[in-house]
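Heavy atoms only: backbone and side chains are in, while hydrogens, waters and symmetry mates are out. Protein chains get the first letters and strands the later ones, always in sequence-line order, with residue 1 at the start of each.
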Number of protein chains: 2
Amino acid sequence: MTVPTSGRSSARRADAQRSIAAILEAAVNALSRNPDASVSEIAKAAGVGRVTLYGHFPNRADLVEAALAHAIEQGHAALDAVDLTGDTRQALTRLIDSSWLLVNQSRSLLLAAQTVLPPSRIRDLHAGPVERVEGLVKRGQDDGVFRSDLSTSWLIGVMHNVMHTAADEINAGRLDPDQAAGFITATVLAAFTPPGRRVPT
Amino acid sequence: MTVPTSGRSSARRADAQRSIAAILEAAVNALSRNPDASVSEIAKAAGVGRVTLYGHFPNRADLVEAALAHAIEQGHAALDAVDLTGDTRQALTRLIDSSWLLVNQSRSLLLAAQTVLPPSRIRDLHAGPVERVEGLVKRGQDDGVFRSDLSTSWLIGVMHNVMHTAADEINAGRLDPDQAAGFITATVLAAFTPPGRRVPT
DNA sequence: CCCTTGTTGAACAGTGGTGTACGAGTTACT
DNA sequence: AGTAACTCGTACACCACTGTTCAACAAGGG
């Protein structure tokens, strides 16, 4: 799914696979730095000719999509290690700890994708990660630990955007990166607390 | 400050002022719809020749900057009407009610500015509005109504990004625009509640 | 070892934008 | 009424990027 699987009978040659891998990695890096990175830029960073790149990805949009899919897949795999059982608030804390850096780093890449891909496509690509968070948040709501007067998707959106707050603050030099995770969890846990209940310390 | 005041002894002619006003308004509109709007596009929307536009704004960056400044100034003026005295939480609610739509509408314009202007310039332009919010939040922190374990700038950032959450959710068709303000204030007030204290209902 | 598959740079056409120049026409201020 | 300020369209030079073609060369697989 990461790579264009357009009707190909025999497997790709080894060097082609290497090229594709290099291109994807370079694309993720370049687009994460600058959402408007050109195809030439990416090809050069991948140590590959521009023509070669076009041999694997028909146009820039497809390349960006593949890069985003690649990054998401990687992140998704990395988060499989996180233990989401037990106390819901602690589970959420663990999830934030391991995911906020990933989210932060892919911010610019996501922006690139948004300018080139239809919103539906982007939502599809995010289906996996969203599902994981959604399950956790819903469990918290069912247990009464998280508020239910706001929709699940809203809470997920808030969590996501609070991570962006951290990125902004760090970028502006107003927040020490080491403190970021703590700020995020403190804020999210408070925001998720049901009305009338005490905010966890 | 809204208009290029580059050393001009005698006042501009009336029609020039009209042109500038039309251009600024058109620029705000166009850039709010599409952050990559071209100069031609903006000129056309303003009912003005492209050359005329260049007569008033030397380049695209200056135009974008002027548009952002214009929008901010307008918003700032509109918010002067909001009563920020009395109960801090209620004051914040009032402020959110009147400002979230403005913030939402200028999202794309801000994005345009970010791709063309240095961060410092953007922060300067926002100085006015930020100051207003900062005063209110600081007061809340001093009174013990808002938490002080997180920095003031963080809380402001959170408030800002929660508004963005609303925009995202509306855009995705998952939130009724009429409910947005309520969701935002509920979330922000909870996030601002000091640890150990009850979340307001 | 040979043939297929990949890779490469250079070159080209096309697109869509920015900013400038010019000359003729129009509109406001005094 | 006259002059300076303003506007307009066209045209131009320029640039950066996209996507394609070509012909020569390199490398993997059976």
DNA chain C contacts among residues 35-53 of chain B, heavy-atom distance under 4.0 Å: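 B/Ser38, B/Val39, B/Arg50, B/Val51 - these, ordered by number, are the residues of the stretch whose heavy atoms sit under 4.0 Å from the strand.
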Polar atoms only, N or O, under 3.5 Å: list the protein pairs with nucleotides 28-30 of chain C and their distances.
unit_1: C/dA28; atom_1: OP1; unit_2: B/Arg18; atom_2: NH2; d: 2.7
unit_1: C/dC29; atom_1: OP1; unit_2: B/Ala14; atom_2: N; d: 3.1

Only one of A/Leu155, A/Leu92, A/Val158, A/Thr193 passes side-chain contact (heavy atoms from CB on, under 4.5 Å) with A/Val188; say which it is.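 The passing option is A/Leu92.
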Round to a whole Å and report the spacing from [atom1] of [X] to [atom2] of [N].
X: A/Tyr54; N: C/dT8; atom1: OH; atom2: C1'; result: 16 Å
X: A/Arg60; N: C/dT15; atom1: CZ; atom2: C1'; result: 15 Å
X: A/Gln17; N: D/dA27; atom1: CD; atom2: C1'; result: 14 Å
X: B/Ile20; N: D/dA5; atom1: CD1; atom2: P; result: 15 Å

Tell me whether A/Asp168 is salt-bridged to A/Arg107, with the criterion being a basic N under 4.0 Å from an acidic carboxylate O.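 Yes.
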Side chains of A/Val82 and A/Leu84 in contact at under 4.5 Å (non-hydrogen atoms):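 With C-beta onward as the side chain, the pair touches.
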Do the non-hydrogen side-chain atoms of B/Arg198 and A/Pro195 ever get within less than 4.5 Å of each other?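 SC-SC contact between B/Arg198 and A/Pro195 ruled out.
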Under 4.0 angstrom between B/His56 side-chain N/O and D/dC6 OP1 or OP2: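 So the side chain of B/His56 is outside the cut-off, no N or O lying under 4.0 Å from OP1 or OP2 of D/dC6.
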A/Trp154 versus B/Thr187, side-chain donor and acceptor atoms under 3.5 Å: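 The criterion, which ignores hydrogens and geometry beyond distance, is satisfied for A/Trp154 and B/Thr187.
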Give a yes-or-no answer on whether the side chains of B/Gln141 and B/Thr152 include a donor-acceptor pair shorter than 3.5 Å.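 Yes, a side-chain donor-acceptor pair sits under 3.5 Å.
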Given D/dT18, C/dG6, D/dT7, identify the nucleotide with an atom nearest to the side chain of B/Ser19.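 Among D/dT18, C/dG6, D/dT7, the one nearest the side chain of B/Ser19 is D/dT7.
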Any chance CD of B/Gln17 has more than 12 other-residue heavy atoms, nucleotides or ligands included, within less than 6.0 Å?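 Yes - once you tally the heavy atoms of other residues, nucleotides and ligands closer than 6.0 Å, there are more than 12.
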Within a radius of less than 6.0 Å around CD of A/Glu25, do more than 12 heavy atoms belonging to other residues, nucleotides or ligands occur?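 Not buried by this count: 12 neighbours or fewer within 6.0 Å.
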